[in-house]
Amino acid sequence: MGWSDLAATTLENEYVRLRPVTQDDYASLHAIAKDPEIWRYTVDRVETDADFDTYFEGLLREHLSGRRVAFHITDKRSGRAAGGRSFCNMVETARRLEIGRAWLGREFRGRGVNRWVDHLLMEHAFERMGAERVEFKTHVSNRRARHALHKLGATEEGTLRSYDPTPGGGRHDVVFFSVLRAEWPSVKQRAAAPAPAPVHPPPPTAPTQWP
């Protein structure tokens, strides 16, 4: 069984459930996606219904072709769709992959959802898929995401200039982070700390996505 097939499974813990995205997820994701802050530091833009259609069609196309494994995230405490995350840039022969294309709806930020999602995906990558290296990347200006990745235990490796095109026609620099197989036990222990108690209503926060 290849990585694309092995990766496409349901992962869950007490707080979140991840499962491969399907066409039936259109409505639940559409309901929380039209927030400009979500896409501020990404290569996607979702400002209109047509933008979301384009985004969702592209996501499904790449998922079904095996270019990435896209996950629908459910916040189990509320039972609602919380956002998306993907395994991408998978190079099975080199035993490395990226966790990326990450986004969360506004009310799910700052509640530990990102940390639990990354924990489940890294656990699957290292312990079941046999990965040697898991990568993350984020916009150089996304300080909140960079802080979150440091807190997760990932190592910042450097900045690649003019790495990705932006929807506005420019280009942006990205910062790469990684976790190696030898580092996973200590990172796992850190990531498995109890989730913070939810705040009602949640305070507004900037997104912590990495494209």
Side-chain angles (χ1 to χ4, degrees), residues 4 7 20-23 25-73 81-91 94 96-110 113-114 117-118 121 133-152 154-178 204-211:
S4 293
V21 71
T22 71
Q23 181 67 51
D25 295 320
Y26 176 95
S28 64
L29 295 178
H30 178 271
I32 58 173
K34 285 167 50 177
D35 173 2
E37 276 299 305
I38 290 175
W39 313 103
R40 180 179 178 188
Y41 294 114
T42 75
V43 297
D44 300 300
R45 282 294 180 273
V46 176
E47 298 175 348
T48 67
D49 290 340
D51 290 340
F52 184 79
D53 288 348
T54 298
Y55 164 79
F56 192 75
E57 289 168 5
L59 179 151
L60 280 180
R61 184 168 56 251
E62 291 185 2
H63 177 72
L64 293 173
S65 70
R67 290 185 59 192
R68 62 165 154 154
V69 177
F71 291 92
H72 174 283
I73 302 168
R85 193 74 43 100
S86 294
F87 280 137
C88 43
N89 295 324
M90 295 184 290
V91 185
R96 60 177 166 83
L97 55 80
E98 178 186 343
I99 296 173
R101 306 304 289 270
W103 66 276
L104 290 177
R106 180 179 295 271
E107 70 181 87
F108 302 101
R109 301 172 204 153
V113 174
N114 264 317
V117 169
D118 288 333
L121 290 173
R133 170 186 169 89
V134 171
E135 302 172 346
F136 304 83
K137 66 176 185 286
T138 188
H139 193 292
V140 69
S141 298
N142 193 343
R143 296 186 182 279
R144 181 177 176 84
R146 293 173 68 174
H147 175 74
L149 286 165
H150 280 294
K151 191 173 180 180
L152 185 71
T155 296
E156 183 172 334
E157 297 180 320
T159 301
L160 296 186
R161 299 177 299 160
S162 192
Y163 188 85
D164 275 325
T166 64
R171 299 187 66 83
H172 68 229
D173 302 343
V174 300
V175 183
F176 267 79
F177 290 77
S178 71
T205 59
T208 57
Q209 76 273 57
W210 22 97

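Heavy atoms only: backbone and side chains are in, while hydrogens, waters and symmetry mates are out.
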Novice: Taking C-beta and beyond as the side chain, do H72 and S28 meet within less than 4.5 Å on heavy atoms?
Specialist: yes
Novice: Ring centroids only, cut at 6.0 angstrom: are H172 and Y41 within range, meaning strictly under it?
Specialist: no
Novice: When you check the gap from the basic side-chain N to the acidic O, do R161 and D173 get nearer than 4.0 Å?
Specialist: no
Novice: Taking all non-hydrogen atoms of both residues into account, name the closest pair between G83 and L29 and its distance.
Specialist: O-CD2, 3.7 Å
Novice: Rounded to the nearest 0.5 Å, what separation is found between the CD atom of Q23 and the CG atom of L64?
Specialist: 9.0 Å
Novice: Determine whether a donor-acceptor pair (N or O, by modelled atom type, separation under 3.5 Å) exists between the side chain of T42 and the backbone of D44.
Specialist: yes
Novice: If you compare all heavy atoms of A145 against all heavy atoms of T138, which two are closest, and at what distance to 0.1 Å?
Specialist: CB-OG1, 3.4 Å
Novice: Nearest heavy-atom pair of W39 and A33: which atoms, and what distance?
Specialist: NE1-O, 2.8 Å
Novice: Which word best sums up how the rings of F52 and Y55 line up, parallel for under 30°, tilted for 30 to 60°, or perpendicular for over 60°?
Specialist: tilted
Novice: What I'd like to find out is whether the side chain of F56 reaches to under 4.5 Å of the side chain of V21, using heavy atoms alone.
Specialist: yes
Novice: Less than 4.5 Å apart, side chain to side chain, heavy atoms only: is that true for V174 and T159?
Specialist: no
Novice: Would you find a donor on one side and an acceptor on the other, under 3.5 Å apart, between the side chain of D53 and the backbone of A50?
Specialist: no
Novice: Measure the shortest side-chain to side-chain distance between F71 and L121 over non-hydrogen atoms and say whether it is less than 4.5 angstrom.
Specialist: yes
Novice: Are any of the side-chain heavy atoms of V175 and R146 separated by less than 4.5 Å?
Specialist: yes
Novice: State which residue, out of H150, K137, E157, E135, fulfils the side-chain contact (heavy atoms from CB on, under 4.5 Å) condition with F177.
Specialist: H150
Novice: Quick check for you: to the nearest 0.5 Å, what is the distance between T54 atom OG1 and D49 atom CG?
Specialist: 11.0 Å
Novice: Decide yes or no for E62 and R101: does some side-chain heavy atom of the first lie under 4.5 Å from some side-chain heavy atom of the second?
Specialist: yes
Novice: Would you check if the side chain of R85 reaches a backbone N or O of W103 as a donor-acceptor pair within less than 3.5 Å?
Specialist: no
Novice: Rounded to the nearest 0.5 Å, how far apart are CZ of R143 and NE2 of H147?
Specialist: 12.5 Å
Novice: Side chain of T166, backbone of G170: donor and acceptor closer than 3.5 Å?
Specialist: yes
Novice: In terms of side-chain geometry, is the basic nitrogen of R109 or D35 positioned less than 4.0 Å from the acidic oxygen of its partner?
Specialist: yes
Novice: Tell me whether R67 contacts the main-chain N or O of C88 through its side chain, where contact means a donor paired with an acceptor under 3.5 Å.
Specialist: no
Novice: How many angstroms lie between atom OG of S178 and atom CD of E156, to the nearest 0.5 angstrom?
Specialist: 10.5 Å
Novice: Are the side chains of L60 and Y26 in contact, using a 4.5 Å heavy-atom criterion?
Specialist: no
Novice: To check you understand the geometry: which heavy-atom pair defines the closest contact between A81 and F108, and what is its length?
Specialist: O-CE1, 3.3 Å
Novice: So does H139 get a backbone contact from the side chain of N142, meaning a donor-acceptor N/O pair under 3.5 Å?
Specialist: no
Novice: What I'd like to find out is whether the side chain of N89 reaches to under 4.5 Å of the side chain of L97, using heavy atoms alone.
Specialist: no
Novice: Apply side-chain contact (heavy atoms from CB on, under 4.5 Å) to the pair V46 and K34, showing each step before the final yes or no.
Specialist: CA-CA 6 Å; V46 176; K34 285 167 50 177; 4.1 Å; yes
Novice: Identify the two heavy atoms, one from H63 and one from V69, that lie closest to each other, and give their separation to 0.1 Å.
Specialist: ND1-CA, 3.6 Å
